[in-house]
K.L.:
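Could you have a look at this structure, given as structure tokens, before my questions?
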Amino acid sequence: MSWVLWVTPIVLLCLGLPIYLCFLAGSIAALLFVTSVPTSIVPQVMFGSVDSFTLLAVPFFLFTGELMGRGAIADRLVKWCMALFGGVRGSLGLVTVGSCVVFGAISGSSAATVASIGRMMYPQLRENGYGERFSLGLVTATGAIDILIPPSIMMIVYAVSAEQSVPKLFIGGVLPGLLLALMEGLFVVWYARRYGVPVTGRASLAGFLRASGNAGWAFSIPVIIFGGIYSGVFTPTEAAGVAAICGIAIGRFIYRDTSWRDIWAIASSSGLLTAQIMIIVAGSSLYAWFLTVLGVPQAITGFIDALQLPQWGILLAINVLLIIVGGLIDPTSAILVLTPLLVPIVKAAGVDLIHFGIIITTNLAMGMFTPPFAINMFVTQSMFGVPTTKIVPGLIPFIIIHTLALIPVTYIPALSLLLTRFI
Amino acid sequence: MRLAARATRSLTTLLRSLAGAMMLAAIAVNFANVVARYVVLRPFPWAEETMQFLAVWIVMLGAAVITSHQEHLRMDALLVAVPPAVRRGLVAFDTLLGVVICLYVVVQSVQVVQMLTSTGQRSVIARIPMNLMYASVVLGFAFATLFPVLGWLGARPGADHPDVER
């Protein structure tokens, strides 16, 4: 009867049941038909998975991201990127990529980045000669860089699941995130030259200094987050909470574009966003608990061992699996269910678990815009009211770029581990 | 019909406000703890458990509101591809199954709360009663069971699922 553990969630997922309920259904099926553990384990594991100090960083980063996205802070960051890239052919596309990197250093949520940056950049891209499909693909896909640029909610979830250091994972994601941004930037420049997109904006030192001055306070947030974490002053959770307070102070008292009513609305909406993510953490943690209790990780490790695959072969197989899974379920569920299964395998193959965390997050970042289940695509769809048939063709080049970026991220561990040696 | 819709609206507004208030409270406790540690050199030992307590309540109450708005993450590729009649059948099946699963969690959680009440167990440092912590699971899933039922009572005949109308 152990097949019910696999079949139940997969079938229900296809039938459109909310993801957290699919995992709960799979777990309850296992409880009723496969194991004889007490039924009280259901609320206990669900409660225990959410009751975590490390995961407490998730609501704080979501709050800060929402605060930054609604106020003029995102606008100032975009203007700073425009001052940096103005005058280059393809500058608006580069501004989109650059803004996602900079915004990613403040927000921990990819969807929030797409909503904030995409809302501002898409109309400008269209007005300045970029094709509809390209523009839709660009704003949808580049938001996924946020998952690699710290602070990253997915890295926090992986850290909890694999019992790894959040600060090490954060710094490990920097170079792969910048590599991805560079590759997407090169594609933007190629596109602009190929289709003769007109040059927009003008670069000047005075303009750049002015934009830097205007965005100076916004940059203080990543400084507080990373300065606090890497100097040992704050834990990531504390840094996230302090960043939230600074965000309130900057928006309310310095830029004066955020009212108390706005802050209240942002607190409520980020509370719901937290619930949307963390209830999946609760459901998938219970499911992962059953997988572990039933010895599934050991069985899979034994099977892989018997195949005697080399390390590169194992990593290749895992990448393929993660790409497929990333297109079917959300990254939180994928990390929580797959990490306990995959960690013993990669550990046995001699892969560093921080490096593996970056491989997982890079793969699942692509899942954010890979159909059919692509959260960033849903955000773009609802923001601009365009059908997925227009968004998907624009995403294909970015899926290819992201797949190409996976090769160095997977097979050059130094890319993920180099910076971790300095902390 | 109107009463059910009004009850849902009032309850979701209340739960949403509670989640927002708890979010701000958690941020305030975190900041106060950091200040206490570096300014007066005496951090609050209860801060960590209190924040975790607030986070669990935010998640459980917020998840109920999301159930009411039908905004939980789901893979709807099949739902949007099938004819409307099949879609309505699938949505009804999903909703019914969701109610059954949430009800199951409520029953199990009530047993855990009863057990914790009888033992009087409290958290290690902040001394928060554990039954109060687990009550979040009971209430959150009870509301997640109630909202679809109220939705059925207040629904217009033939109304479609909001996710698949876009």
Side-chain angles (χ1 to χ4, degrees), chain A residues 12-21 24-25 28 39-44 46-47 50-53 55-56 58-60 63 233-234 237-238 240-242 244-245 248 263-276 278-282 328-330 333 371-373 375 381-382, chain B residues 16-24 26-31 33-34 38 48 51-53 55-56 58-67 69 71-79 90-91 93-94 97-98 101-102 104-105 107-109 111-113 115 133-134 136-138 140 163-164 166:
Chain A
L12 295 176
L13 189 74
C14 294
L15 293 179
L17 192 73
I19 293 173
Y20 87 101
L21 288 175
L24 283 181
I28 293 169
T39 51
S40 62
I41 201 71
V42 172
Q44 285 176 348
M46 285 172 67
F47 179 89
V50 180
D51 184 33
S52 150
F53 184 68
L55 281 178
L56 200 56
V58 173
F60 294 164
F63 177 86
V233 175
F234 305 137
T237 303
E238 287 172 341
V242 173
I245 291 285
I248 292 174
I263 292 167
W264 174 251
I266 289 166
S268 301
S269 62
S270 52
L272 296 193
L273 211 52
T274 301
Q276 199 180 37
M278 300 279 274
I279 198 69
I280 294 177
V281 171
L328 294 176
I329 56 173
D330 68 293
S333 315
F373 188 82
I375 297 170
Q381 192 183 14
S382 66
Chain B
R16 193 186 161 95
S17 302
L18 280 172
M22 287 180 187
M23 173 69 85
L24 290 175
I27 291 169
V29 170
N30 177 69
F31 188 68
N33 189 42
V34 171
Y38 290 107
E48 209 170 290
M51 284 189 282
Q52 287 172 221
F53 168 80
V56 174
I58 291 170
V59 173
M60 296 304 163
L61 298 185
V65 177
I66 296 169
T67 302
H69 296 167
E71 284 175 350
H72 278 296
L73 294 179
R74 66 178 81 213
M75 194 179 79
D76 60 0
L78 183 68
L79 280 181
L90 279 176
V91 170
F93 169 77
D94 286 347
L97 187 61
I101 294 169
C102 290
Y104 180 87
V105 176
V107 172
Q108 301 310 320
S109 313
Q111 288 173 7
V112 174
V113 170
M115 189 256 294
M133 305 262 259
Y134 274 85
S136 63
V137 186
V138 178
D163 276 4
V164 292
R166 60 174 174 243

K.L.:
Check whether B/I27 gets within reach of chain A through its side chain, its backbone, both or neither, counting any heavy atom under 4.5 Å.
P.N.:
both
K.L.:
With only heavy atoms counted, which part of A/S269 is less than 4.5 Å from chain B, the side chain, the backbone, both or neither?
P.N.:
both
K.L.:
Could I get the full list of side chain to side chain contact (heavy atoms under 4.5 Å, CB included) partners for A/I41, not counting sequence neighbours?
P.N.:
A/L31, A/V37, A/Q44, A/V45, A/W289, A/F290
K.L.:
Looking at A/V242, A/I375, A/L56, A/I263, which one has more heavy-atom pairs under 4.5 Å with chain B than the rest?
P.N.:
A/L56
K.L.:
Give the member of A/V42, A/D51, A/L21 that has the highest number of heavy-atom pairs under 4.5 Å with chain B.
P.N.:
A/D51
K.L.:
Side-chain donor-acceptor pair under 3.5 Å between B/Q108 and A/T39, yes or no?
P.N.:
yes
K.L.:
I need the residue from A/I248, A/I279, A/T274 with the largest number of non-hydrogen atom pairs under 4.5 Å to chain B.
P.N.:
A/I279
K.L.:
Less than 4.5 Å to any heavy atom of chain B: does that hold for the side chain of A/V233, its backbone, both, or neither?
P.N.:
both
K.L.:
If you count heavy-atom pairs within less than 4.5 Å of chain B, which of A/V281, A/L24, A/L15 leads?
P.N.:
A/L15
K.L.:
Does B/E48 reach the main-chain N or O of A/F53 with its side chain, forming a donor-acceptor pair under 3.5 Å?
P.N.:
no
K.L.:
For A/D330 and A/S333, indicate whether the former's side chain and the latter's backbone hold a donor-acceptor pair under 3.5 Å.
P.N.:
yes
K.L.:
Give me the ring orientation class for B/Y134 and A/F47: parallel if the planes are under 30° apart, tilted from 30 to 60°, perpendicular past 60°.
P.N.:
parallel
K.L.:
Of the backbone (N, CA, C, O) and the side chain (C-beta and beyond), which part of B/D94 lies under 4.5 Å from a heavy atom of chain A, both, or neither?
P.N.:
both
K.L.:
Quick one: does any side-chain atom of B/H72 pair with a main-chain N or O of A/I280 as donor and acceptor, under 3.5 Å?
P.N.:
no
K.L.:
Looking at residues at least two apart in the chain, or sitting in another chain, which of them share a side chain to side chain contact (heavy atoms under 4.5 Å, CB included) with A/L328?
P.N.:
A/I324, A/P372, B/M75
K.L.:
Chain A heavy atoms under 4.5 Å from B/S17: which part of the residue, side chain, backbone, both or neither?
P.N.:
both
K.L.:
Looking only at heavy atoms and a cut-off of under 4.5 Å, which of A/P18, A/C14, A/G241 has the most pairs with chain B?
P.N.:
A/P18
K.L.:
Given a strict heavy-atom distance threshold of 4.5 Å, which part of B/V56 is in contact with chain A: side chain, backbone, both, or neither?
P.N.:
both
K.L.:
Let me know if A/I329 has heavy atoms under 4.5 Å from chain B in its side chain, its backbone, both or neither.
P.N.:
neither
K.L.:
Between A/F63 and chain B, which part of the residue has a heavy atom less than 4.5 Å away: side chain, backbone, both or neither?
P.N.:
side chain
K.L.:
Between A/G16, A/G271, A/A265, A/A25, which has the largest tally of heavy atom pairs under 4.5 Å with chain B?
P.N.:
A/G16
K.L.:
Atom CD1 in A/I245, atom CZ in A/F60: separation rounded to 0.5 Å?
P.N.:
9.0 Å
K.L.:
So what's closer than 4.5 Å to chain A heavy atoms on B/A63: side chain, backbone, both or neither?
P.N.:
both
